Structures are given as C-alpha cells and as structure tokens.
Amino acid sequence: MAEEVKSLNFIEHIIEEDLRGGFDKNNLRFRFPPEPNGYLHIGHASSICLNFGLGLDYQSPVNLRFDDTNPEKEEREFVDAIKRDVEWLGFEWDKECYASDYFQQLYDWAVILIKQGKAYVDSQDAATIAQQKGTPTTPGSDSPFRNRSVEENLELFEKMKNGEFQAGEHVLRAKIDMAHQNMLMRDPIMYRIMHKEHHRTGNDWCIYPMYDWTHGESDYIEQVSHSFCTLEFAMHRELYDWFLDQVYDTNKVRPKQREFARRNLSHTVVSKRKLLRLVQEGVVTGWDDPRMPTISGLRRRGYTPESIRNFADTIGIAKRENLIDVSLLEFCAREHLNKIAPRVMAVLDPIKVVITNYPEGQIEELEAENNPEEDPLTYRKVPFSREIYIEREDFREEANRKFFRLKLGGEVRLKNAYIIKAESVVKDEDGHITEVHCTYDPLSRSGSGTPESTRKVKGTLHWVSVAKAVPVEVRLYDRLFSVAEPEEDKEKDFMDFINPESLKVTTAYAEPSLKNAQPEERYQFQRLGYFCVDRDSTEEKIVFNKTVGLRDSWAKIENKS
RNA sequence: UGGCCUAUGGUGUAAUUGGUAACACAGCUGAUUUUGGUUCAGUCGUUCAAGGUUCGAGUCCUUGUAGGCCAACCA
C-alpha cells in the first residue's frame with residue numbers, strides 16, 4: 001500500500017528544503033520565546049504546538065526562552081504561569097533560558113560594535129529621536145551625536161552601565177542608515193537606561209537591551225536553527241540579520257527567522273494588552289477566568305490539553321489573515337470529552353415530578369452506565385424515588401409531535417429507570433406549574449430484561465431523586481463578546497461588545513455520586529453538556545464550570561419555528 | 001506617497017512543486033440511538049480580476065484590485 005503523503009505547512013517546507021540543501025538534521029533546534037508580561041493564550045498555543053511539534057517530528061531540542069528585557073512589565077508570576085501552561089499542554093523543553101542570562105554577552109558585543117564604529121551613544125530625548133526617524137516615505141536625518149569618537153562612545157556607554165545617568169539621558173544606537181527604506185534600519189536603539197529592578201538580575205543592570213538587539217543574538221547563543229515569530233516581525237528580519245552579521249562565526253549555526261500569521265479566534269480577543277484590560281477592569285475575575293481565551297482559563301473551563309493541541313493541529317499554520325470560528329475549538333473539546341468524560345445526571349432548572357403509584361419512602365438503587373464510549377463498560381448506582389426533578393423545559397402541558405419530551409398524557413423514558421406517563425399538573429395561584437403528577441410502569445425498569453423494559457418511547461429524560469440530590473453551584477458560560485470580531489470596529493472600543501450574559505450562576509441538583517467530585521474532574525451532564533469541577537469548590541458546595549454544551553439539534557428545530 | 005506580506009467553499013488548511021482542487025469545521029437531508037449526544041450515509045459549495053506562456057495553470061509571467069503590517073527608550 002502506498003504510504004500516504006503527509007501534507008506540510010510552509011514552515012515544514014522551509015525546513016525540508018534546508019535539509020535537502022545540506023543542513024545537518026542534528027543541528028535543528030527550536031525555541032518558544034514568550035515575554036513574561038502576561039498569561040499565555042490560545043494564540044500562543046498555536047506557536048507552542050508549532051515549535052514543540054517540530055521538535056517532536058524532527059527529534060530536535062526546543063528551548064523555552066523568556067524574553068525578559070523589559071523589567072517594567074515583566075514579573076516572576078508570569079514566568080511561573082507560562083511554565084505551568086506549557087507543561088500542562090504536555091510539552092517538554094530542552095533548556096529553560098532567559099534573555100537576561102545573556103546580558104553580559106550582549107554588553108560585550110555592544111562594546112565591540114562601538115569599537116568598530118557601528119554603534120554610538122545618542123544623547124537626545126525620545127521625541128527628538130522619533131522626529132529624526134522620518135516617515136515611511138521620507139528619509140530620516142542624522143543625530144548630531146552620530147559621529148562621536150569611539151573613545152567618547154565607550155566612555156559614555158560604560159557610564160550608562162554604571163548608573164551614572166538618569167533614565168532617558170542617553171541611548172546606544174546601531175549606526176546603520178538614517179535614510180534606509182526600512183524604518184527599523186534607521187539607527188535602531190540597542191540599549192536604554194532603566195533604573196528598574198529585574199526579576200532575575202536584580203539591580204545588576206541599569207541599561208537594558210531592546211528586543212531587536214536581543215532576540216536574534218539569543219537565538220544565536222542558543223544555536224537555534226529556525227526562529228519562528230508572527231507576521232508583524234517580518235520587517236524586523238532585515239535588522240535581525242544585520243545584528244547577526246556583526247557576531248556571526250561561520251562555523252556555527254546561523255539562525256533563520258521566518259514569520260507566520262497569528263491565529264485569531266472569533267468572539268474573543270487574542271492580545272495580551274487587551275486581555276490585561278479585561279483583568280484590570282474587572283470584566284473577568286482574573287487571567288484564568290473560564291471565559292478567558294488563556295490556556296489557564298481554558299483549563300479551568302474544562303478543556304483538555306489534547307483538545308487544544310488537536311485544535312492547533314487542525315487550524316494549521318500559514319501566512320494569511322484569518323478568523324477561526326470558536327465552534328471549531330468547541331468541536332475539539334467535545335470530540336475529546338465525549339471519549340473520556342463520565343456521564344452523570346444533573347438538573348439545572350428543576351421541576352418536581354411525583355410518581356403517584358410509586359411507594360412512598362422507597363428508594364431503589366438503579367444501575368447506570370458510566371460512559372457508552374468506554375470499552376469495558378463500567379456502572380454506578382443511582383437512587384430512584386417517588387419524587388424526582390426533571391428539567392423544566394422537558395415538560396409541556398401540550399406540545400406538537402416534534403416535542404419528544406414529557407407532555408400531559410404522554411410517555412417518556414427516564415434514563416436508566418422507568419417509563420412514566422404524565423397525568424396531571426399542580427399549579428400555584430399564579431398559574432405556574434409546581435408539580436407534575438405521573439404514573440410509572442413498574443415492569444419497564446431499564447436493564448430488567450422484561451418486554452416492557454425494551455419498549456420504544458420517543459423521548460428519554462435525565463432526572464435526579466429529590467431526596468438524594470446534591471445541590472451544586474453551576475456557572476454557565478457564554479461567549480465573552482457578542483460579536484465575532486470585537487476588534488474590527490474602528491469607531492468603537494472592543495469593550496463595548498462584551499456580552500453581559502457571559503456568566504450565569506445557578507444552583508443545580510446533581511446525582512449523589514458527584515458528592516466527592518474533585519477540582520478539574522470533567523463530566524458530561526447527560527443531555528446538557530460538559531462540566532468541570534472548579535477549584536472554588538468547598539466541602540459544602542461543589543462548583544461546576546460549563547465547558548461546552550452538547551450539540552443541540554433540538555434548539556435548531558425550535559429556532560426554525 | 002514609499003517598502004514588506006497575503007489573496008483557494010461560510011470558516012480554517014492542503015494540493016506529490018505545471019497534471020482529476022482535497023481534508024476538517026459549520027450548514028442541510030436521512031439512518032441508528034434508553035443522551036434531540038455519539039456513530040453512519042448523503043448533500044451543498046471554492047482557486048481576487050483581466051490578459052499571457054503551455055497540450056495542460058490554484059501553481060509560472062504581466063497588469064490591476066482588495067486586505068494586513070511598518071514611523072514605542074514595547075515585545
């Protein structure tokens with residue numbers, strides 16, 4: 001049988017081409033380079049899966065490198081959260097690296113550049129430097145300090161390092177070309193003075209290197225062969241290569257930067273800055289709020305690492321702009337959860353059913369399948385009694401033929417239990433139904449083997465025993481934004497599109513087997529959806545987060561009419 | 001009034017590098033089902049435009065068009 005040709009994305013094509021061109025496979029090395037200034041989100045998951053996936057495919061090491069060159073925004077908390085998230089996704093990094101580990105090497109190289117006349121200290125303020133940059137269509141102009149002597153530059157740069165200046169007094173710039181058509185090449189800043197404590201180097205430094213100067217050199221130091229980043233860095237590639245040229249030793253691996261389009265997800269935002277606003281303005285409870293598209297939020301919501309990795313593989317990687325529908329993410333969640341989540345019964349919006357011909361006070365332990373997808377099936381006991389709760393929307397006094405659920409005079413199967421028939425309703429003075437009175441067929445018990453037990457009735461309902469039910473808190477989540485592209489409208493702020501109903505909290509009644517459910521355990525509430533135990537759960541009260549609903553073809557039928 | 005990048009079903013991604021445009025999601029129809037779930041079967045619909053090269057173009061060439069990115073002492 002012919003081997004199936006695996007289709008490759010453009011990144012893999014580049015690597016294959018390099019390999020064909022003679023690049024040694026043993027020299028392949030990748031990296032995932034987050035800045036520790038926020039939590040990882042679903043967009044990063046794509047990058048993580050790309051880089052670590054490449055590592056797995058080519059049996060190559062992948063470094064986790066923190067791009068920590070800006071002590072103003074970066075924090076230890078984020079480093080820990082990022083490591084936790086990458087691990088949770090199931091990836092193993094080769095080395096844990098920090099750009100800050102290279103500060104001394106970077107400094108030494110900068111001194112060499114100064115000596116070669118390729119870098120100089122500029123003593124103008126930020127506004128002036130910005131003005132001299134020119135515009136995309138007009139060239140910039142030289143700084144009056146551009147031609148300082150090597151000696152003066154060396155002396156000033158050392159004083160900058162020694163903390164003899166205030167922030168903003170001087171910067172170190174690469175001397176390239178102020179008329180370059182690529183604005184990034186117009187004497188980019190390499191170092192700025194910042195009297196800020198760094199989460200790793202403390203107060204050792206008061207000059208910090210800029211991204212462009214740091215990133216490529218870090219790749220080079222680590223001997224990363226392929227450095228993948230998002231499209232907005234495409235213009236930076238020229239600078240990346242220029243800086244590399246200054247230090248490159250031809251016996252070593254020369255890192256190659258290539259760019260891919262970041263993934264956008266509908267009905268949310270995927271930008272650390274915007275996610276930070278949601279956190280800071282209290283729209284959500286934190287970076288790991290289950291409505292957040294962060295990895296920790298998705299985790300708390302009940303997503304599995306497998307489903308996220310499968311999602312990343314499914315959407316692939318390319319260079320064009322994109323907007324991926326959340327329904328695909330939800331599909332990936334259901335696909336995996338369907339296989340692994342134990343089925344249980346819980347009623348979210350209860351209405352009481354009294355089975356009038358069932359003995360008062362009697363409790364029967366009925367057998368229930370844990371998961372029909374399991375290979376050797378396993379079972380648990382569920383208590384049945386005269387009074388049960390069913391879902392309010394599962395009963396109607398009258399309904400048409402399409403309504404398979406309980407209606408007056410109609411029959412329905414109680415999952416794992418008996419067939420019941422609705423006989424009458426009890427209403428309060430406002431006309432609201434408070435109880436449904438039914439009769440049951442004692443011979444129809446599920447699994448009892450009687451002809452009645454296998455009788456076909458159109459509808460099957462989930463239920464819980466009133467006496468044995470466990471009240472639990474259920475947090476029902478909906479999309480955080482009510483429009484597909486909250487960032488698209490240029491007139492309005494994305495915050496204007498927040499869905500006010502993204503969270504509804506309710507008390508539900510669950511079968512008693514859930515009494516000892518532990519945080520992060522995932523269940524399928526039958527006929528409702530997938531739910532995950534939240535870490536807010538206590539001894540007295542279990543809290544469930546709704547991960548995602550089941551596919552609901554009944555809702556579609558109803559919406560049509 | 002510049003440079004760089006990108007255009008393939010509603011969405012996302014492929015196409016053995018010039019040889020039958022495919023896969024997944026979404027939608028729709030039906031079958032099965034003690035979850036209106038799952039599963040299964042079927043169905044809808046696509047190469048930005050116009051030229052050109054070629055026996056043959058999503059792929060190569062030309063000219064357009066549309067969208068994104070680029071002027072932080074952020075990354």
Side-chain angles (χ1 to χ4, degrees), chain A residues 5-9 13 33-35 37 67-70 72-74 122 125-126 129-131 133-140 167-168 170-173 180-184 186 189-194 207-208 210-212 214-215 229-238 259 261 263 266 272-273 313-325 327-332 334-335 338-339 343 345 369 372-373 402-405 412-417 419 446-447 453-462 484 524-529 549-558:
Chain A
V5 182
K6 197 196 167 207
S7 71
L8 304 176
N9 61 41
H13 278 298
E35 183 192 8
N37 68 342
D67 228 330
D68 56 350
T69 57
N70 185 356
E72 204 143 57
K73 301 191 212 163
E74 294 149 7
D122 197 344
D125 60 36
I129 290 175
Q131 203 157 33
K133 270 245 149 122
T135 72
T137 50
T138 59
H170 307 279
V171 290
L172 184 74
R173 293 230 255 168
H180 201 109
Q181 59 184 14
N182 179 351
M183 296 205 50
L184 291 160
R186 322 242 259 227
I189 291 168
M190 295 171 69
Y191 278 94
R192 76 286 212 188
I193 299 169
M194 282 177 107
I207 54 171
Y208 289 95
M210 301 290 289
Y211 167 84
D212 288 298
T214 310
H215 202 91
C229 59
T230 45
L231 243 32
E232 64 266 31
F233 290 98
M235 296 299 291
H236 293 247
R237 188 150 108 198
E238 197 171 10
E259 312 81 18
R263 320 314 304 189
S266 75
K272 269 194 271 189
R273 219 191 77 245
D313 287 346
T314 305
I315 63 180
I317 214 80
K319 292 185 82 165
R320 50 178 151 158
E321 296 154 56
N322 56 80
L323 180 68
I324 295 141
D325 203 292
S327 66
L328 181 58
L329 215 210
E330 293 172 345
F331 165 81
C332 291
R334 290 191 194 103
E335 188 186 39
N338 176 51
K339 293 197 187 92
R343 272 57 169 173
M345 292 194 286
E369 217 171 54
E373 304 286 322
K402 280 184 181 169
F403 187 80
F404 301 164
R405 285 110 102 131
V412 88
R413 159 74 64 185
L414 292 176
K415 180 80 185 169
N416 305 314
I419 292 173
S446 295
S453 72
T454 54
R455 226 178 90 213
K456 301 284 178 212
V457 278
K458 195 64 182 166
T460 301
L461 306 186
H462 62 278
Q524 184 196 98
F525 287 1
Q526 265 177 135
R527 300 213 304 133
L528 297 174
L550 257 25
R551 265 189 64 204
D552 190 353
S553 34
W554 168 240
K556 284 173 196 161
I557 294 167
E558 276 216 302

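A quick note: this is a predicted structure, and the numbers were derived from the prediction, not measured. Side chains included, hydrogens not; waters and symmetry mates left out as well; all remaining heavy atoms used.
Checked by distance alone, A:Ser446 brings a side-chain donor or acceptor within 3.5 Å of a matching partner on the base of B:rU34. Between the side chain of A:Arg405 and the base of B:rG36, at least one donor-acceptor pair of N or O atoms lies under 3.5 Å. A donor and an acceptor atom never sit less than 3.5 Å apart when one is taken from the side chain of A:His13 and the other from the base of B:rA14. A donor N or O paired with an acceptor N or O is not found under 3.5 Å between the base of B:rU34 and the side-chain atoms of A:Glu369. In this model, no side-chain donor or acceptor of A:Arg527 finds a partner on the base of B:rU35 within 3.5 Å.
With rounding to whole Å, A:Leu231 atom CG is found 7 Å from B:rC69 atom C1'. Rounded to an integer number of Å, the gap from A:Phe331 CZ to B:rA24 P is 9 Å. Rounded to an integer number of Å, the gap from OH of A:Tyr191 to P of B:rC74 is 14 Å. Distance A:Gln524 CD to B:rG37 P: 11 Å, rounded to the nearest Å. Distance, A:Arg413 CZ to B:rG36 C1': 17 Å, rounded to whole Å. Going from atom CG of A:Asn322 over to atom P of B:rG9 covers 14 Å, rounded to whole Å. B:rG37 atom C1' lies 9 Å from atom CZ of A:Arg551, rounded to whole Å. One atom, CG of A:Leu323, and another, P of B:rA7, lie 17 Å apart when rounded to the nearest Å.
At least one side-chain nitrogen or oxygen of A:Arg192 sits closer than 4.0 Å to the OP1 or OP2 atom of B:rC74. Between A:Lys339 and B:rU38, a side-chain N or O to OP1/OP2 separation shorter than 4.0 Å is absent. Phosphate contact (OP1/OP2 of B:rA75, side-chain N/O of A:Lys272, threshold under 4.0 Å): absent. The side chain of A:Ser553 places an N or O atom within less than 4.0 Å of a non-bridging phosphate oxygen (OP1 or OP2) of B:rG37. Phosphate contact (OP1/OP2 of B:rC5, side-chain N/O of A:Lys319, threshold under 4.0 Å): absent. Using a 4.0 Å cut-off, no side-chain N or O of A:Thr137 falls inside it from OP1 or OP2 of B:rG3.
Nucleic acid contact class of A:Asn70 (heavy atoms, under 4.0 Å, all strands): sugar-phosphate only. Contact annotation for A:Ile317: backbone-only contact, meaning every heavy-atom pair under 4.0 Å involves sugar-phosphate atoms and none involves a base. Using a 4.0 Å heavy-atom distance criterion, A:Asn416 is classed as a base contact. Nucleic acid contact for A:Met210: sugar-phosphate only, since backbone atoms but no base atoms lie under 4.0 Å from a heavy atom of the residue. Base engagement by A:Lys402 is indicated by at least one non-hydrogen atom pair under 4.0 Å involving a base atom. A:Ser453 comes within 4.0 angstrom of a base, heavy atoms only. At the heavy-atom level, A:Phe233 lies under 4.0 Å from base atoms of the strands shown. Within the 4.0 angstrom heavy-atom criterion, no nucleotide atom of any strand lies near A:Gln131.
Nucleotides of RNA chain B nearest to A:Ile324 and A:Gln181 differ in position, and the one nearer the 5' end is that of A:Gln181. Taking for each of A:Leu8 and A:Asp125 the nucleotide of RNA chain B with the nearest heavy atom, the 5'-most of the two is the partner of A:Leu8.
Picking from B:rU13, B:rA71, B:rG36 the nucleotide with the shortest atom distance to the side chain of A:Lys133 gives B:rA71. Of the candidates B:rA24, B:rA75, B:rA14, B:rA24 carries the atom nearest the A:Leu328 side chain, counting heavy atoms from C-beta on. Of the candidates B:rA24, B:rU34, B:rG37, B:rG37 carries the atom nearest the A:Arg343 side chain, counting heavy atoms from C-beta on. For A:Thr460, whose side chain is taken as the heavy atoms from C-beta onward, the closest listed nucleotide among B:rU13, B:rG67, B:rG36 is B:rG36. Comparing B:rG37, B:rC74, B:rA71 by their nearest atom to the side chain of A:Pro372 picks out B:rG37. Candidate nucleotides B:rC25, B:rG36, B:rG37 were compared by shortest atom distance to the side chain of A:Phe403, and B:rG36 ranks first. If you check B:rA14, B:rU35, B:rG3 against the side chain of A:Met235, the one that comes closest is B:rG3. Distance from the side chain of A:Ala318 is smallest for B:rU13 among the nucleotides B:rC74, B:rU13, B:rG36. Of all nucleotides listed (B:rA24, B:rU13, B:rU35), B:rA24 comes nearest to the side chain of A:Thr314.
Other residues, nucleotides and ligands place no more than 12 heavy atoms under 6.0 Å from the CD atom of A:Gln131.
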Counting Watson-Crick and G-U wobble pairs with both distances under 3.5 Å, what is the dot-bracket string for RNA chain B, 5' to 3', using [ ] for crossing pairs and | for pairs to another strand? .((((((..((((.....[..)))).(((((.......)))))....(((((..]....))))))))))).....
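With rounding to the nearest 0.5 angstrom, the CZ atom of A:Arg237 is 13.5 Å from the CG atom of A:Leu184. In this structure, A:Leu8 CG and A:Ile317 CD1 are separated by 14.0 Å, a value rounded to the nearest 0.5 Å.
Anti is the classification of B:rU59, since its glycosidic angle lies more than 90° from 0.
Nucleotides B:rC70 and B:rA75 place their C1' atoms 15 Å apart, quoted to the nearest Å. If you take atom C1' in B:rC48 and the same atom in B:rU59, they sit 15 Å apart, rounded to whole Å.
Using cut-offs of 30° and 60° on the angle between ring planes, the pair A:Tyr211 and A:Phe233 is tilted.
Between the side chains of A:Arg413 and A:Ser446, a donor-acceptor pair is found at a separation under 3.5 Å.
Ring-base stacking between A:Tyr211 and B:rA75 is not satisfied when judged by a centre separation under 5.5 Å and a plane angle under 30°.
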